[in-house]
There are 2 protein chains.
Amino acid sequence: MATGTRRAQRRTEALSRERIVEAAVELLDAAGESGLTFRVLTERLATGPGAIYWHVANKGELLVAATDAVVADALAAESAGSPREEVHAVALGLFSAIDAHPWLAAQLLLQLSRSPGGPVTPRILESLGRRVRALGVPEEHWFTATSVLMHYVLGAAGQNAANSQVTEPDADRAEFLAATAEAWEALDPAEYETTRAMAGQMSEHDDREQFLAGIDLVLAGVAALYPGGRA
Amino acid sequence: MATGTRRAQRRTEALSRERIVEAAVELLDAAGESGLTFRVLTERLATGPGAIYWHVANKGELLVAATDAVVADALAAESAGSPREEVHAVALGLFSAIDAHPWLAAQLLLQLSRSPGGPVTPRILESLGRRVRALGVPEEHWFTATSVLMHYVLGAAGQNAANSQVTEPDADRAEFLAATAEAWEALDPAEYETTRAMAGQMSEHDDREQFLAGIDLVLAGVAALYPGGRA
DNA sequence: ACCTGAACACCGTTCAAGT
DNA sequence: ACCTGAACACCGTTCAAGT
C-alpha cells in the first residue's frame, strides 16, 4: 500500500471501503490469511459486521480488493530500459511484493485460476504483455508468451515466499530452504534420483538470481521462436 | 483414482486411511473444495469425527493425501518417445487430471508454495525433471528449467480448469471463455490495450493446443540456452 | 444512506467414554 | 487399537432495528 498510516483506529473518521481494505491488508500482513476475520476486522475498525457488509459484499470480494490494491502498488513504478530489463523489473516488483506480503502468493494463484475476469489478472497480464510486445513477438503469440511468463513469475515467487515464512516461528529462510533441500535429499534414491540432485541446486543460489534465471530461460525461448525482436 | 468403487457405504468394512482419502476425493469431485466437510465425510463413512481423526491428523493432511493420490495416478502412465514428446505427455497428464478434478489446481498451487517438503512437489518435480535431463540440460540448470516447466504447467492447467467449471451452473466452457474474453475486451482501451488484444487470442484456440504452445516456448528456451541436447 | 449488534447455521477439532 | 458422539470455540453472514 502506498500510504503507511496504521495508527490505532478511533471512532471518528467515517468508515469507507478504502479504510476496510487497508485494515484487511494490515491484518493479512500481520497474521496471514487466517488472521483476516470479520471479528477482528470489526474490532480493529470499531464497528459491527453489518457496517462492513454495507461496503463490501463478502469476504471473497474483500480478499480480491486487498490483493488488487497491493498488486496495483507493486506495478505502479515506471521503468525504462530494454524490454528484457523491463520484464526483469516487473517480475522483481511482483517478487518483492509477494516477499513483503506472503499471503499474496496464494491469493494471486487462486484468483488467477478462479476469476480471470477479476481486476487482478488483467493488471498483471497488461504489465507483462506490453513488454512482450516490445520484444517483437508477433500478435498471435502474445498470449502464449505472456502466459508462460506470468505463471512462472507467480509460481516461483510464491514458492520463494513459502521459504521465507511459515513453518517454525523463528526459522531463518536459509534454515527453511535447507530443510526443504534436506527433505528432498531424504527421498528414495531409486524413485527420486533427479529431485535429490536438484535439491542442492535449489538452496545454493541467491533467490533473486535463481528467479531471474527462469525469466531469462523464457525470454530465450521467445527470442528463439520469434527472431528479429530486440531484447 | 485408479479403482472406481463408489457404492454407498455400509457399516461393514473397516475404516482406513485409504477409504477416507477415497471418499474425500469423491466429495471434492462432486462439490468442489467447499464440499469436503467432516460432517458429510462422517455421514458418508457412517462414523463419527473421532474415527476420522484417528487415521488422519487434520483437514490439511487429508487434502494433501487426496491431492497426492490423484497426482500419483495421473503420473503413473509410462510414456516412451523423444524427450519433447514425453514432456508433452506428462504435461497433458496433469492437464487432464486438473480438468477432471477442478479442485486439484488450487490444491497443487497451494501445496507447492506452502509445503514444498510434502509428497506432491517432489512427485511432479521428478517426473518433469527426468525429461529435462533427457533434453541434455547441464546439471546446474536442471532446477531452473524444471521449475519454469512446472509452474507453467500447473498455472495454465489451473486457469483452464477455471474455464470449464465455476460460475453459472450450466454454462459451457466456451461460454465462460467468451465471458472472460468479453470482460477483458470491456476494459479501458487506454490502460488495457494489450490485454484487450490478447482476449481474442485466448478464446480462439483449442485448449490443449494453446497449452502445448506454452510448453514448446519453454522447450525452445532450453534448446537455445543448452544446445546439443536432443529433443 | 449508513451503522448496530444479536442471532443463525455451520465449521474443524477435542476428548472422555466405550469396545 | 479403534471408534463413538456430545461439546467447544470459532467462523461468515443476515437482518430487524436504529440514526
Side-chain angles (χ1 to χ4, degrees), chain A residues 8-68 103 106-107 110-111 114-115 118 166, chain B residues 8-68 103 106-107 110-111 114-115 118 166:
Chain A
Q9 172 78 6
R10 290 286 160 255
R11 54 231 22 167
T12 45
E13 317 193 37
L15 206 54
S16 70
R17 193 180 152 97
E18 260 181 22
R19 286 198 61 75
I20 294 172
V21 171
E22 186 188 337
V25 170
E26 288 171 12
L27 292 179
L28 288 164
D29 286 347
E33 193 182 338
S34 68
L36 176 58
T37 275
F38 274 81
R39 318 267 158 173
V40 349
L41 194 56
T42 256
E43 208 174 311
R44 174 90 147 215
L45 295 171
T47 43
I52 293 171
Y53 276 94
W54 177 260
H55 295 277
V56 155
N58 51 43
K59 193 178 180 180
E61 191 184 297
L62 181 55
L63 245 8
V64 167
T67 303
D68 191 48
W103 52 273
Q107 280 308 308
L110 251 49
Q111 288 174 35
R114 283 221 249 263
S115 46
V166 205
Chain B
Q9 171 79 5
R10 288 290 159 252
R11 51 227 31 163
T12 45
E13 317 193 38
L15 206 53
S16 71
R17 196 181 151 95
E18 262 183 19
R19 286 199 59 76
I20 293 171
V21 171
E22 185 187 339
V25 170
E26 289 172 11
L27 290 179
L28 288 164
D29 286 347
E33 193 182 339
S34 69
L36 177 58
T37 277
F38 273 81
R39 317 269 158 172
V40 349
L41 194 56
T42 256
E43 209 174 311
R44 175 89 146 214
L45 295 171
T47 43
I52 294 172
Y53 277 94
W54 177 260
H55 296 276
V56 154
N58 51 42
K59 193 179 179 179
E61 191 184 298
L62 182 53
L63 245 7
V64 167
T67 303
D68 192 48
W103 52 273
Q107 281 308 308
L110 251 51
Q111 289 174 33
R114 283 222 248 264
S115 47
V166 204

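Just so it is clear: chains get the letters A, B, ... in the order the sequence lines come, proteins before strands, and each one is counted from 1.
- The CG atom of B/Leu28 sits 7.5 Å away from atom OG1 of B/Thr67, with the distance rounded to the nearest 0.5 Å.
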query = In dot-bracket notation, what is the pairing pattern of DNA chain D, taking Watson-Crick (N1-N3 plus N6-O4 or O6-N4) and G-U wobble (N1-O2 and O6-N3) contacts under 3.5 Å, with [ ] crossing and | for other strands?
reply = ||.|||||...|||||.||
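- Checking each of A/Leu36, A/Leu63, A/Val25 against A/Trp103 for a side chain to side chain contact (heavy atoms under 4.5 Å, CB included) leaves exactly one that passes, namely A/Val25.
- For the pair B/Leu27 CG and C/dC11 P, the computed distance is 12 Å after rounding to whole Å.
- Of the residues near DNA chain D, A/Val40 and B/Gly50, the one whose nearest nucleotide (by heavy atom distance) lies more toward the 5' end is B/Gly50.
- For the pair A/Thr47 and B/Gly60, both in contact range of DNA chain C, the more 5′-proximal nearest nucleotide belongs to A/Thr47.
- Using a 4.5 Å heavy-atom threshold, the side chains of A/Val21 and A/Asp68 count as separate.
- The separation between A/Glu61 atom CD and D/dG12 atom C1' is 14 Å, rounded to whole Å.
- OP1 or OP2 of C/dC3 has at least one side-chain nitrogen or oxygen of A/His55 nearer than 4.0 Å.
- With hydrogens and angles ignored, the 3.5 Å screen pairs a side-chain donor or acceptor of A/Ser16 with a backbone N or O of A/Arg19.
- The side chain of B/Trp54 contributes no N or O atom lying less than 4.0 Å from OP1 or OP2 of D/dC3.
- Distance A/Glu43 CD to D/dC11 P: 11 Å, rounded to the nearest Å.
- Across the protein-nucleic acid pair, B/Leu41 atom CG and C/dC11 atom C1' stand 14 Å apart, rounded to whole Å.
- Taking atom CD1 of residue B/Ile52 and atom P of nucleotide C/dT14, one finds them 14 Å apart after rounding to whole Å.
- Out of C/dT14, D/dT4, D/dC3, the shortest distance to the side chain of B/Ala14 is found at D/dC3.
- Between the OH atom of A/Tyr53 and the P atom of D/dT14 there is a distance of 6 Å, rounded to whole Å.
- How far NE2 of A/His55 is from CD1 of A/Ile20: 5.0 Å, rounded to the nearest 0.5 Å.
- Atom CD of B/Glu61 has more than 12 neighbouring heavy atoms from other residues, nucleotides or ligands inside a 6.0 Å radius.
- Distance, B/Leu45 CG to D/dC2 P: 16 Å, rounded to whole Å.
- Taking atom C1' in both D/dA17 and C/dC2, the straight-line distance is 13 Å, to the nearest Å.
- At a threshold of 4.0 angstrom between heavy atoms, the contacts of A/Leu36 are confined to the sugar-phosphate backbone, with no base atom among them.
- Side-chain contact check for A/Leu62 versus A/Leu41: some heavy-atom pair is nearer than 4.5 Å.
- The listed nucleotides are C/dG12, C/dT4, D/dC3; the one nearest the side chain of A/Ala51 is C/dT4.
- A salt bridge is defined here as a Lys NZ or Arg NE, NH1 or NH2 lying under 4.0 Å from an Asp or Glu carboxylate O, and A/Glu22 with A/Arg17 fails to meet this definition.
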N/O-N/O pairs, protein side and nucleotides 7-10 of chain D side, under 3.5 Å:
none

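- The shortest side-chain heavy-atom distance between A/Thr37 and A/Val40 falls under the 4.5 Å cut-off.
- Straight-line distance from the CZ atom of A/Phe38 to the P atom of C/dT4: 15 Å, rounded to whole Å.
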